[in-house]
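What follows is a short report on a single structure.
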Amino acid sequence: MAHPQFAAELLQRAEAQGPITVGLAGAGQMGTDIVVQVALMPGMRIGAISEVRPQAAIDAALLAGHDRSDIVQAANASAIDRAIEAGKIAVTEDLHALAAAGRIDVIIDATGNPNIGTLFALEVMKNGKHIVMLNVEADITIGRFLKEEARKAGVVYTGAAGDEPACTLEIIGFARSLGFNIIAAGKGKNNPLKFDAMPADYAKEAAERNMNARMLVEFVDGSKTAIEMVAIANATGLVPDVPGMHGPTATLEELASVLCPREDGGVLHRKGVVDYSIGKGVAPGVFCVIETRHPRVMERMIDLKVGKGPYFTIFRPYHLTSLEVPLSAARAVVYKRADMEPLDHPVAEAVAVAKSDLGAGQSLGMIGETDYRGFAMTWEDARAKGALPLGLAERAKVVKPIRKGDFLTYENCVPDDSMVITQIRRRLDQSDGRFVTNAA
């Protein structure tokens with residue numbers, strides 16, 4: 001959460017050193033939001049945008065109120081720097097040029113591709129810049145490696161404010177600072193849950209919502225929820241209680257009496273879990289169910305209408321997605337601090353479950369398409385099953401038939417070893433002592 005004086009600090013820094021200059025990779029829906037929001041913020045500016053469709057970057061800058069004469073094309077890093085020095089916004093098609101530009105303080109990756117995002121993050125860090133990753137898929141697959149690379153480079157690697165994981169971390173941190181016991185943390189699911197959702201069935205709704213149908217299905221089929229809950233788990237040590245999590249239909253008022261231990265009338269086998277609710281009044285917020293047994297604290301919490309006790313729900317009723325992201329960029333520069341980073345060792349894994357029957361020889365598509373969906377479980381469970389991490393499923397080759405509902409595993413699938421994310425993950429698994437079949 002931003003300090004009350006943060007806006008003043010940003011202005012002071014801008015007066016002393018000039019505004020924080022942000023580089024942005026990707027000007028899709030989220031990237032465009034970021035360009036517009038940064039234009040409204042004190043002490044910050046967009047210096048350059050990398051986008052394979054330059055017109056999308058130009059349109060984003062125009063929408064943010066910049067004059068067309070202040071938006072220039074730049075083919076290399078020195079051209080980007082010259083544009084920034086002249087107070088203009090550079091648009092480039094070259095991610096390498098963006099990573100190398102010397103006038104940029106921090107870069108936000110809004111590309112949305114785990115493999116490209118990984119390559120790009122490594123290059124940004126080698127160039128001595130902080131990186132804000134909107135790419136949760138890359139983070140849950142190899143985040144601890146990226147964190148370590150950032151440490152070696154002396155820069156900040158951070159998840160993005162505004163997304164549910166970082167927003168949930170805010171209230172987890174608040175509760176832990178007060179000494180409360182964390183029972184469960186997570187989010188309300190925004191879209192209806194349909195595990196076998198297919199893009200063809202959502203084309204009309206996606207068009208109405210100005211979204212890509214594949215991206216919409218990634219939300220509807222539960223993949224994004226699994227990804228986000230695993231990201232929270234691996235940043236906090238909280239774990240999925242059962243494979244797939246519970247996902248109860250608990251309203252905001254019911255959360256503390258449902259996501260609590262079974263001996264107290266809830267559904268949990270243990271304390272300290274990540275989960276989500278599909279009940280009314282929770283989405284689009286994030287929550288943390290806490291416990292206190294001290295009679296004085298219980299009395300005060302009940303008096304303040306927080307709940308009945310001994311379990312209480314702390315709730316943030318909104319997450320502003322891309323609009324909050326620039327705060328992570330600013331905090332990385334000003335405080336040299338990550339809003340969200342993984343622990344040194346993961347405790348949870350998002351794995352892939354078949355959405356349809358898959359035949360040997362088939363090459364798999366992307367998350368949110370027709371082949372598989374994301375599913376959250378503990379890291380130990382995933383390891384015992386030999387389950388394929390969700391971030392490695394795209395372009396994997398099926399080597400044995402897989403039935404709908406079955407796990408994709410290293411035995412029935414071979415991940416694409418030409419992708420750097422696969423290579424890094426394999427090295428991480430080998431250093432953990434995990435034997436990975438088929439990944440020679």
Side-chain angles (χ1 to χ4, degrees), residues 1-25 27 30-50 60-61 64-67 70-72 74 77-78 80-92 97-110 121 124-134 147 150-151 153-163 166-167 169-170 173-174 320-341:
M1 195 170 288
H3 189 275
Q5 293 299 314
F6 195 44
E9 287 178 55
L10 289 175
L11 283 173
Q12 282 164 4
R13 187 192 182 279
E15 282 164 22
Q17 303 172 52
I20 290 170
T21 303
V22 177
L24 174 68
M30 297 194 89
T32 298
D33 289 348
I34 290 164
V35 175
V36 170
Q37 195 66 36
V38 169
L40 301 171
M41 294 173 71
M44 294 187 76
R45 67 171 169 179
I46 295 285
I49 306 167
S50 173
H66 298 283
D67 289 335
D70 287 333
I71 308 163
V72 298
S78 56
I80 292 173
D81 285 336
R82 282 196 301 276
I84 292 169
E85 284 159 15
K88 298 182 185 298
I89 292 179
V91 171
T92 183
L98 182 67
R103 293 288 178 192
I104 288 172
D105 299 308
V106 55
I107 289 180
I108 298 170
D109 169 31
V124 167
M125 293 189 285
K126 277 187 194 128
N127 278 283
K129 293 182 185 61
H130 309 300
I131 180 88
V132 180
M133 288 280 275
L134 270 72
K147 180 182 81 165
R151 190 192 61 76
V155 297
V156 173
Y157 164 80
T158 180
D163 218 358
C167 292
L169 248 65
E170 272 185 15
F174 168 73
L320 303 186
T321 60
S322 32
L323 304 181
E324 289 184 62
V325 172
L327 288 173
S328 290
R331 285 192 281 259
V333 174
V334 174
Y335 300 141
K336 308 286 186 285
R337 194 186 75 218
D339 280 343
M340 178 170 176
E341 62 181 2

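Please read these numbers as outputs of a predicted model, since none were measured by experiment.
Side-chain contact check for Arg337 versus Asp339: some heavy-atom pair is nearer than 4.5 Å. Here the side chains of Ile20 and Val334 are in contact, with some heavy-atom distance below 4.5 Å. Asp109 places none of its side-chain heavy atoms less than 4.5 Å from the side chain of Ile107. When side chains are defined from C-beta on, Leu134 does not count as touching Asp163, because their heavy atoms never get closer than 4.5 Å. Using a 4.5 Å cut-off on side-chain heavy atoms (C-beta onward), Ile84 and Arg45 make contact.
Under the side chain to side chain contact (heavy atoms under 4.5 Å, CB included) test applied with Tyr157, the options Met133, Arg151, Met340 reduce to a single match, Met133.
Atom CD in Gln17 sits 8.5 Å away from atom CG in Asp105 (nearest 0.5 Å). For the atom pair Lys147 NZ and Thr158 OG1, the distance stands at 11.5 Å (nearest 0.5 Å).
Closest non-hydrogen pair, Ile104 versus Val22, comes out as CG2-C, 4.2 Å. The minimum heavy-atom distance between Met44 and Ala330, with the atom names listed, is SD-CB, 3.9 Å. Between Val72 and Ala83, the closest heavy-atom pair is CG2-CB, 3.5 Å. Taking both residues in full, the closest heavy atoms of Ile89 and Ala61 are given as CD1-CB, 4.3 Å, listed atom of the first, atom of the second, then distance. Here the closest heavy-atom approach between residue Ala100 and residue Lys129 is recorded as C-NZ, 3.8 Å. Across every non-hydrogen atom of Val132 and Gly159, the tightest pair is CG1-O, 4.2 Å.
Applying the ring pair (Phe, Tyr, Trp, His ring centres under 6.0 Å) test to Phe174 and every residue at least two apart in sequence or in another chain returns nothing.
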### Trace of the side-chain contact (heavy atoms from CB on, under 4.5 Å) decision for Lys336 with His130
CA-CA 9 Å; Lys336 308 286 186 285; His130 309 300; 4.0 Å; yes
### Message
Quick one, Met41 with Leu327, criterion side-chain contact (heavy atoms from CB on, under 4.5 Å). Give me CA distance, side-chain angles, the key distance, then yes/no.
### Response
CA-CA 9 Å; Met41 294 173 71; Leu327 288 173; 4.1 Å; yes
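The environment of CZ in Arg103 is sparse: at most 12 heavy-atom neighbours from other residues, nucleotides or ligands sit within 6.0 Å.
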Scan the side chains in residues 32-39 for donor-acceptor partners under 3.5 Å anywhere in the protein, sequence neighbours excluded, and list what turns up.
| from | atom 1 | to | atom 2 | distance (Å) |
| --- | --- | --- | --- | --- |
| Thr32 | OG1 | Ala27 | O | 3.2 |
| Thr32 | OG1 | Gly28 | O | 2.8 |
| Asp33 | OD2 | Ser322 | OG | 2.6 |

